[in-house]
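Quick caveat, the model's predicted, so the values are computed rather than measured.
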Amino acid sequence: MRLDKFLKGSRILKRRTVAAEACRAGKVTVNGRDAKPAHTLKVGDEVELFFAAGSLKFRVLELKESVKKEDAAKMYEILGDGQ
């Protein structure tokens with residue numbers, strides 16, 4: 001699954017365009033390497049998002065094309081947030 005689609009589907013970011021812009025701006029890494037919006041995620045990948053106020057690091061647990069709002073948080077496990 002594409003990184004930008006995962007970020008939107010898991011409700012980590014609100015829109016896919018926002019996710020794509022964050023990737024292009026170098027604010028997203030996968031397994032410690034900068035990632036483009038089309039990067040293919042696999043279960044077990046560690047993703048880190050960098051924000052102005054810190055960062056959010058999580059591990060991918062599930063890859064689903066469509067997911068209900070209640071189940072979105074089951075797609076990842078938070079590893080840490082750098083506040």
Side-chain angles (χ1 to χ4, degrees):
M1 174 182 278
R2 286 175 57 109
L3 175 58
D4 58 348
K5 192 169 183 181
F6 177 86
L7 292 172
K8 194 266 184 209
S10 63
R11 312 293 200 286
I12 292 173
L13 293 175
K14 233 177 194 181
R15 287 177 299 204
R16 191 167 170 181
T17 54
V18 173
E21 289 170 8
C23 293
R24 282 190 223 104
K27 296 183 180 195
V28 183
T29 63
V30 176
N31 299 322
R33 306 178 102 186
D34 284 346
K36 297 192 186 248
H39 180 90
T40 304
L41 283 180
K42 298 179 285 301
V43 172
D45 281 347
E46 291 185 7
V47 180
E48 189 164 9
L49 287 168
F50 297 95
F51 302 101
S55 66
L56 172 69
K57 189 171 187 177
F58 61 91
R59 179 177 296 121
V60 177
L61 298 178
E62 293 181 32
L63 298 171
K64 292 183 179 178
E65 289 298 319
S66 83
V67 63
K68 293 182 181 178
K69 185 177 176 180
E70 307 84 47
D71 298 331
K74 295 176 185 174
M75 293 177 70
Y76 59 91
E77 167 189 28
I78 303 232
L79 301 174
D81 54 350
Q83 297 177 9

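Taken from NZ in Lys27 to CG in Leu13, the straight-line distance is 11.0 Å, to the nearest 0.5 Å. Atom CG of residue Leu63 and atom OG of residue Ser10 lie 10.0 Å apart, to the nearest 0.5 angstrom. Considering NZ of Lys57 and CD1 of Ile78, their distance stands at 12.5 Å, rounded to 0.5 Å. Atom NZ of Lys8 sits about 10.5 Å away from atom CZ of Arg15, to the nearest 0.5 Å. Going from atom NZ of Lys36 over to atom CG of Asp4 covers 13.0 Å, rounded to the nearest 0.5 Å.
A pairwise comparison of heavy atoms in Gly26 and Asp34 identifies O-OD1, 4.3 Å as the closest pair. In this structure, Ala20 and Pro37 approach most closely via the heavy-atom pair O-CG, 3.7 Å. Minimum heavy-atom separation, Arg11 to Ala72: CG-CB, 3.5 Å.
Cluster annotation: Val67 and Val43 are assigned to the same hydrophobic cluster (Ile/Leu/Val/Met/Phe/Trp/Tyr, side-chain heavy-atom contacts under 4.5 Å, transitive). Cluster membership check: Leu49 does not share its hydrophobic cluster with Val18, using side-chain heavy-atom separations under 4.5 Å among Ile, Leu, Val, Met, Phe, Trp and Tyr.
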Could you go step by step and tell me if Asp45 and Leu3 meet the side-chain contact (heavy atoms from CB on, under 4.5 Å) rule? CA-CA 11 Å; Asp45 281 347; Leu3 175 58; over 6 Å; no

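For Lys74 and Asp71, the salt-bridge test passes: some basic side-chain N is under 4.0 Å from an acidic carboxylate O. Look at Lys5 and Glu65 and you find a salt bridge, because one of the NZ, NE, NH1 or NH2 atoms lies within 4.0 Å of a carboxylate O, short of that distance.
The ring pair (Phe, Tyr, Trp, His ring centres under 6.0 Å) analysis of residues 16-53, with sequence neighbours excluded, yields no pairs. Within the structure, ring pair (Phe, Tyr, Trp, His ring centres under 6.0 Å) contacts touching residues 53-76 (residues at least two apart or in different chains) are Phe58-Tyr76.
Under the side-chain contact (heavy atoms from CB on, under 4.5 Å) test applied with Val47, the options Val60, Leu79, Leu56, Asn31 reduce to a single match, Val60.
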